[in-house]
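Take a look at the structure below.
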Amino acid sequence: MDIEKIDRIIDKHNSDASALIQILLDIQSENNWLPKEALDRVSQQLEVPATRVQHIATFYKAFSVVPKGRHKVHICMGTACHVRGATRVLDKVQEATGIKPGETDLELKFSLETVNCLGCCALGPVMEVNGKAHGKMTPRQTTDVLKTYE
Amino acid sequence: MSDIPLQIDGQEVSAKEGTTVLEAAQGMGISIPTLCHHEKLEPFGGCRLCIVEVESRGWTKLVVSCVYPVEENLVVRTRSDKVDRLRKTILELLLAHAPDAPQLVEYAQVYGADKDRYEKDPSFCVHCGLCVRYCAEVKKADALGFVDRGIRKEISFIPEIAAKECNACKECFPLCPTSYLQAAFVLTESLAFPSSSAKSVSKA
Ligand code: SF4
Ligand code: FES
């Protein structure tokens, strides 16, 4: 991520130290993760100690300090999805992407996570990609859905 | 600043507004066990060892004395069955992380805490925050901070700052109740900024 982009985000918040979390969220959503250069730049420009920036960046689950894929895949493992075959859906997705929950593939295409209820149990099993819910998934259908993401 | 009358372990005392129960007790020569407290640092309330029983307006409650300000006519008990029981459990939980920390071992004797009560989880750091707070508040260097949270919380040095500041200071080392801080520093140093002597050895 280039410095200008980071600076633009910081400027948007008037280099205000109290906007630290919002700035990190903006960088996270633009870049999918928070590289060290970004954290250093934020610390410098906002005059907030690097220790504090680092603590916040590692505290909240919304942030990642390791690279994440362009597409975030969430497989629901909640009770309703589970009884409708979420485990098999997850197996298939792992096979198709080559990664396990918590991992990102080398091309930075997909990051996989499991979640414990997406709030749409009637649609189970649910696979969410970049916030869009794909319901009533059979293992087979998941691969078709994943193919539509570049 | 007016003086506030209160009672600690049956003795009447008056303390300045804004002082903590811990400070008031210490001023009378009553000792309360502490781990994360340090005179030069802002109250933190992290370890909970300094817990005491207070009675105010007919209510009894347990509070952490290092962050609890004195109140008018407060009745404080620094030792009671309940307080001792709680301190024992807190010590046992801390000992699961750092079974040989001298200060913990000493307190364990007083409160009859069994270091083997809980399954060992030797993470050594007990999250007292003394190192992190001392570096930030007294030295204003911010060379180390906490990362992550809950059971994964750890201290972490910022190598760029540590390389410049730490060798000449190391004032936080003796503050750590365990040896974890030194270990973390040596590890960071050897990975991120090996000293010149170490470099010449590895070249030879
Ligand atoms: S490393 Fe030591 S001083 Fe620092 S927080 Fe952990 S136990 Fe406390
Ligand atoms: S000394 Fe009060 S909580 Fe640690």
Side-chain angles (χ1 to χ4, degrees), chain A residues 1-3 6-7 10 15-25 27-28 31-68 72 77 100-104 111-116, chain B residues 36 38 40-42 44-46 123 125-167 169-173 175-176 180-182 184-185 187-189 191-193:
Chain A
M1 189 173 191
D2 52 49
I3 294 285
I6 299 166
D7 281 352
I10 296 173
S15 308
D16 182 2
S18 67
L20 174 58
I21 291 183
Q22 201 50 52
I23 290 169
L24 293 180
L25 280 171
I27 299 173
Q28 170 81 36
N31 193 58
N32 292 321
W33 68 290
L34 304 172
K36 186 168 185 312
E37 311 85 69
L39 297 181
D40 287 347
R41 188 70 181 173
V42 169
S43 151
Q44 228 175 58
Q45 301 293 95
L46 302 191
E47 294 175 20
V48 171
T51 48
R52 175 115 39 94
V53 177
Q54 189 180 272
H55 193 188
I56 290 171
T58 54
F59 188 91
Y60 295 104
K61 256 207 140 172
F63 300 129
S64 173
V65 290
V66 292
K68 285 278 168 192
K72 282 165 271 306
M77 300 305 255
K100 292 199 192 68
E103 295 180 346
T104 299
S111 287
L112 181 61
E113 289 299 340
T114 56
V115 290
N116 291 327
Chain B
C36 68
H38 190 288
K40 287 193 190 157
L41 305 178
E42 288 293 313
F44 185 59
S123 56
C125 176
V126 291
H127 299 164
C128 70
L130 284 172
C131 55
V132 170
R133 291 180 295 135
Y134 190 86
C135 194
E137 292 175 32
V138 177
K139 304 302 291 190
K140 308 222 177 325
D142 294 294
L144 78 166
F146 280 118
V147 292
D148 221 315
R149 61 172 156 166
I151 55 166
R152 277 189 293 273
K153 188 169 170 178
E154 278 181 13
I155 56 155
S156 166
F157 283 89
I158 306 277
E160 294 86 342
I161 303 176
K164 271 193 281 175
E165 307 281 345
C166 294
N167 272 316
C169 171
K170 294 186 178 167
E171 284 170 33
C172 58
F173 281 20
L175 300 181
C176 181
Y180 187 74
L181 174 60
Q182 278 107 308
F185 177 75
L187 183 65
T188 312
E189 188 187 33
L191 290 174
F193 52 97

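- Proximity to chain A is limited to the backbone of Ala143(B), based on heavy atoms less than 4.5 angstrom apart.
- Partner of Gln54(A) under the side chain to side chain contact (heavy atoms under 4.5 Å, CB included) criterion, chosen from Leu144(B), Asp148(B), Val147(B): Val147(B).
- Annotation for Asp142(B) and Thr51(A): closest pair O-CG2, 3.2 Å, computed over non-hydrogen atoms.
- Shown here is Lys170(B), whose NZ atom has more than 12 heavy atoms of other residues, nucleotides or ligands within 6.0 Å.
- Using a 4.5 Å cut-off between heavy atoms, Lys36(A) contacts chain B through its side chain alone, with no backbone atom that close.
- Sparse packing is recorded around CD1 of Ile151(B), with 12 or fewer heavy atoms of other residues, nucleotides or ligands lying under 6.0 Å away.
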